[in-house]
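The structure under discussion appears below in the form of structure tokens.
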Number of protein chains: 2
Amino acid sequence: MHTDAGIVLRALADPSRRAIFERLARAEAPVKDLTAQFDISQPAVSQHLAALRSAGLVSERREGRLVYYRVAPQGLRPLVDWLAHYRSFWSERVERLDALLEELDE
Amino acid sequence: MHTDAGIVLRALADPSRRAIFERLARAEAPVKDLTAQFDISQPAVSQHLAALRSAGLVSERREGRLVYYRVAPQGLRPLVDWLAHYRSFWSERVERLDALLEELDE
DNA sequence: ACCATGTATAAGTGTAGGCTTATGCATAGT
DNA sequence: ACTATGCATAAGCCTACACTTATACATGGT
């Protein structure tokens, strides 16, 4: 099937981690920039990045002493797939709603 | 926006809660059925349902002593909207989900 | 070689939250 | 009226985890 959406959900559930992810979605950044931007310590940032990384949501690129992180767009796939799994359910609801509206027309 | 994506993400991050949500997505059910199905106590189920409810993900319907819960599909909208922000990564799939949810609103 | 800078990991702490049992409150059945 | 059933809340426990400080490891600059 598909990889577990739970891992992605759990990674994005934390506000700090989600904020970092959203920040990286705008542009890649080294850890020091993130540390300067958010009001948590550098180790906290690194720990969040490690969590995002093991969830497949970010990737890293080393350049000298700096480690640039950027979002890994395909990391959101399990979540989107999980949501798409309810497509049939939604369609059912829509169809039932359509049926109800047809009944009201008569 | 009534609820933001963080509340929805947090509600769905817990495995038990997500399992209950997925179970309710197949069909509505009273609390006693959920309690029988999952290996946690009845209060635990009620607490998860309360969390899902305050996240806008389920609604309840009372019938005698039974309280039937069912998913509130529009509760997923904040999450879909949040994902829609990454439309550049996910254009085709997210837009389909978006279109479905807009249908539901009408 | 030395020191500063950038990052990751280790170790410890405090708190949020998911679980339990106990209890109270409706409703249904007899 | 009494009892049983279904559910929600209260209170307490306990684990997970998001933080901290301390430290180790690279790399760059002088």
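Lettering follows sequence order; numbering is per chain, from 1.
- Taken to the nearest 0.5 Å, the CG atom of Leu9(A) stands 12.5 Å off from the CZ atom of Arg10(B).
- A heavy atom lying under 4.0 Å from DNA chain C marks the following residues of residues 30-37 of chain A, by number: Pro30(A), Val31(A), Lys32(A).
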Contact string for nucleotides 15-20 of chain C, one letter per nucleotide 5' to 3', B = base within protein heavy-atom range under 4.0 Å, S = sugar-phosphate only, - = neither, reads --SSBB
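- Atom CZ in Arg18(A) sits roughly 14 Å away from atom C1' in dA18(D) (whole-Å rounding).
- Residues in residues 30-41 of chain A take part in no salt bridge (Lys or Arg N to Asp or Glu O under 4.0 Å) pair, two or more places apart or across chains.
- Cluster membership for Leu24(A) and Leu66(A), using ILVMFWY side-chain heavy atoms within less than 4.5 angstrom, is not shared.
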Scan the side chains in residues 42-49 of chain A for donor-acceptor partners under 3.5 Å anywhere in the protein, sequence neighbours excluded, and list what turns up.
from     : atom 1 : to       : atom 2 : distance (Å)
Gln42(A) : NE2    : Ser46(A) : OG     : 3.0

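- Closest non-hydrogen pair, Ala5(B) versus Pro78(B), comes out as CB-O, 3.7 Å.
- A donor-acceptor pair is defined here as one N or O able to donate and one able to accept, closer than 3.5 Å; such a pair exists between the side chain of Arg18(A) and the backbone of Leu12(A).
- Remark: Asp81(B) pairs with Arg77(B) by the side chain to side chain donor-acceptor pair (under 3.5 Å) rule, at least two apart or across chains.
- At whole-Å resolution of the value, OH in Tyr68(B) and P in dG6(D) are 11 Å apart.
- Listed pair Tyr69(B) / dG6(D) fails the phosphate criterion, with no side-chain N or O lying under 4.0 Å from OP1 or OP2.
- For the side chain to side chain donor-acceptor pair (under 3.5 Å) test, residues two or more places apart in sequence or in another chain that qualify with Arg53(B) are Glu60(B).
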Please walk me through it: do Leu57(A) and Leu76(A) pass side chain to side chain contact (heavy atoms under 4.5 Å, CB included)? CA-CA 7 Å; Leu57(A) 287 168; Leu76(A) 287 175; 3.9 Å; yes
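- Following chains of ILVMFWY side-chain contacts shorter than 4.5 Å, one cannot reach Ile7(A) starting from Val71(A), and the two form parts of different hydrophobic clusters.
- Every side chain to side chain donor-acceptor pair (under 3.5 Å) that Arg23(B) has, sequence neighbours left out, goes to Gln37(B).
- With axes fitted over five pairs at each extremity, the angle between the ends of the helix from dA1(C)-dT30(D) to dT30(C)-dA1(D) is 20° (10° resolution).
- Take Arg61(A) and apply the side chain to side chain contact (heavy atoms under 4.5 Å, CB included) test, not counting sequence neighbours, and it matches Glu28(A), Glu63(A), Tyr68(A), Arg70(A).
- Using a 4.0 Å cutoff on non-hydrogen atoms, the parts of residues 52-65 of chain B near DNA chain D are Arg65(B), ordered by number.
- Taking CG of Leu79(B) as the reference point, atom CG of Leu83(A) lies at 5.0 Å (rounded to 0.5 Å).
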